[in-house]
Number of protein chains: 2
Amino acid sequence: MTNKSNSNNLTKSEEDYLKALFQLLVEDNSVKVGNNQLAEYLKVSPASTNNMIKKLKTKDYVVSEKYGKLELTEEGRAIAVKLIRKHRLWETFLYNYLNFSWDEVHDVAEQLEHIKSYKLIDELDRFMDFPEKDPHGELIPNSKGEYKVVPKITLSSLEEGDVCKLISVNDGSVNFLRFVSEIGLALSSEIKILEVREFDKSIRIAFNDTIETVTRKFADNVFVEKLI
Amino acid sequence: MTNKSNSNNLTKSEEDYLKALFQLLVEDNSVKVGNNQLAEYLKVSPASTNNMIKKLKTKDYVVSEKYGKLELTEEGRAIAVKLIRKHRLWETFLYNYLNFSWDEVHDVAEQLEHIKSYKLIDELDRFMDFPEKDPHGELIPNSKGEYKVVPKITLSSLEEGDVCKLISVNDGSVNFLRFVSEIGLALSSEIKILEVREFDKSIRIAFNDTIETVTRKFADNVFVEKLI
DNA sequence: TAAAAAAGTTAGCCATGACTAACAAATCAA
DNA sequence: TTGATTTGTTAGTCATGGCTAACTTTTTTA
Ligand SMILES: [Mn+2]
Ligand SMILES: [Mn+2]
Ligand SMILES: [Mn+2]
Ligand SMILES: [Mn+2]
């Protein structure tokens, strides 16, 4: 038994910090995550993160040495995964049942993920018949907290001639998601890399009889499975 | 135009105070509502309410003179009605779609009512096909903020021989709601008042071939329409 | 290897929204 | 009508979670 109390008394802020740390550590497969990096990710000052990390260490959700890198305990990780489960289930609900577009769901899910009720989220899951992926193609952790972390391959990591399938996209930017839809890309689209331009890393891609040039920043937020 | 900014920037606390004030002023048809009464209702100290009322006055949601009684402005009232709409729509969703019982919905709805998104609540309303009442029989304000405040008649206000129909119940107490279900009462039940006992105001009632004695406190939380 | 830059920490401040204790005003009751 | 009780207000404290400015440690780079 790792959990002492399991009474789920975390504040919204504490939850947000744990989720952010998980996303930096695990989702973005960063080798090490530091205080300032977390601050930048959360758009708060380094002093604020330093403060909160201290608190999360006394609660045994985070481990780190002074001036050292940050790590999550099993319990910290479990909380983060629960948040991600809630976030993605709500996004799926908004998208599939309430006529939200995929660029509208994230902001509301950021609020909904902090609602505290086990029954609520498990019933929502059942109501939707246990969806596997959210509207952006991301896997939804199950009610036992099981979550396969699949290393993500970005479109920007491919080379000329490669062919890939769009698996998921970063859901944090409304403008980015709108642009993805606008040019006609969608989940499962097959994309061929026509050219990678050296001077600015922009990429010329072909999909569904369309040819587009996208920036490196764009391609960093598109996750694919390499086919050829 | 009453609204200056309409930017919906209220904190959870501000919203809770406005809703509580509305419920005391309008729902409980109190003639006057004072600071301490509000404090007791919200289970905070009179100093806290005094403080918050001050703030809500500068924001033009509340009007009162020093040492005087509290009133809501049109804008304050509109915010409260929006919260009640959200609360009751969420309760209805939990009850009708997520297998919550009527004693489980209130606490979760208390959290959900603070989620900020017009689209969310209007789509939820549409998804459920614009329900008129929540699981406790309370009317749900519509998306224009229209809300008929129907003066409530409590079971305790009736006399021996009266016959009434159960219209709605106070949803704030889990134990109370469980007890209502346990004895076999439900919305629309027809109730006959057999006897009102003078010494403790307890009431003997008959409904669905059942006879029960209920306390005054119980009867204060049951709202009815008088038939005979 | 020694500056310079970056990363991390600390101290001290602010806003919010609780609290208690002390006090003032209004209302009630004898 | 006056004293007691209730109601309302104020002052001062605390916890949370932000912030800036100044400082220290670590890492980078010349
Ligand atoms: Mn999201
Ligand atoms: Mn998503
Ligand atoms: Mn309720
Ligand atoms: Mn209700």
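Naming: A, B, ... by sequence-line order, numbering from 1 per chain. Side chains are part of it too, since the values below use all heavy atoms of this structure and drop only hydrogens, waters and symmetry mates.
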> With no hydrogens and no angle check, is any side-chain donor or acceptor of N35(B) less than 3.5 Å from a backbone partner on N50(B)?
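At least one qualifying donor-acceptor pair exists.
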
> Which nucleotides of nucleotides 11-23 of chain D have their base under 4.0 Å from a protein heavy atom (B), which only their sugar-phosphate (S), and which neither (-), written as one string 5' to 3'?
B----SSSBB---

> For the salt bridge (Lys or Arg N to Asp or Glu O under 4.0 Å) test, which of K19(B), K57(B), K55(B), K54(B) pairs with E14(B)?
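That would be K55(B).
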
> Roughly, in whole Å, what's the span from CD in E40(A) to P in dG8(C)?
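So the CD-P distance, E40(A) to dG8(C), works out to 12 Å.
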
> Given 3.5 Å as the limit, does a donor-acceptor pair link the side chain of R197(B) with the main chain of I203(B), or not?
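Flag not set: sc R197(B) to bb I203(B) has no pair under 3.5 Å.
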
> Could you check how far CG of N36(B) sits from P of dT9(D), rounded to whole Å?
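Distance check: N36(B) CG to dT9(D) P gives 9 Å.
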
> Which is true for K32(B) with a 4.0 Å heavy-atom rule: it touches a base, it touches only sugar-phosphate, or it touches nothing?
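Result for K32(B) = nothing.
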
> Give the rounded distance in Å between these two atoms: CG of N35(A) and C1' of dT27(D).
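To the nearest whole Å, that distance equals 16 Å.
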
> Separation of L70(B) atom CG from dG8(D) atom P, in whole Å?
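It works out to 7 Å between those atoms.
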
> Can you tell me if K69(B) touches the phosphate of dA26(C), counting only side-chain N or O atoms and a distance under 4.0 Å to OP1 or OP2?
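No, outside the criterion.
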
> Between N50(A) and dT9(C), does any side-chain N or O lie under 4.0 Å from OP1 or OP2?
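Answer yes for this pair, as a side-chain N or O of N50(A) is under 4.0 Å from OP1 or OP2.
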
> Tell me every residue that passes side-chain contact (heavy atoms from CB on, under 4.5 Å) with Q37(B), counting only those two or more places apart in sequence or in another chain.
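Only L24(B), S30(B), V33(B) meet the side-chain contact (heavy atoms from CB on, under 4.5 Å) criterion with Q37(B).
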
> Expressed as a whole number of angstroms, how long is the span from K66(B):NZ to dA25(C):C1'?
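After rounding, the gap between these two atoms is 10 Å.
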
> Treating K86(B) as the side-chain partner and I115(B) as the backbone partner, does any N or O pair qualify as donor plus acceptor under 3.5 Å?
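Yes, the answer is positive, given that a donor and an acceptor are paired below the 3.5 Å cut-off.
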
> With sequence neighbours left out, what residues match F93(A) under ring-ring contact (aromatic ring centres under 6.0 Å, His included)?
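With neighbours one apart ignored, the set is W90(A), Y97(A), F93(B).
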
> Please state how far atom OH in Y67(A) lies from atom P in dA6(C), giving the value in whole angstrom units.
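These atoms are roughly 17 Å apart.
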
> Let me know the distance between NZ of K57(B) and P of dG8(D), rounded to the nearest Å.
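In whole Å, dG8(D) P and K57(B) NZ are 12 Å from each other.
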
> How long is the line joining CG of L38(B) and P of dT9(D), in whole Å?
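Rounding to the nearest Å, CG of L38(B) and P of dT9(D) are 11 Å apart.
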
> Mind checking whether F218(B) and F179(B) have parallel, tilted or perpendicular rings, split at 30° and 60°?
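Perpendicular.
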
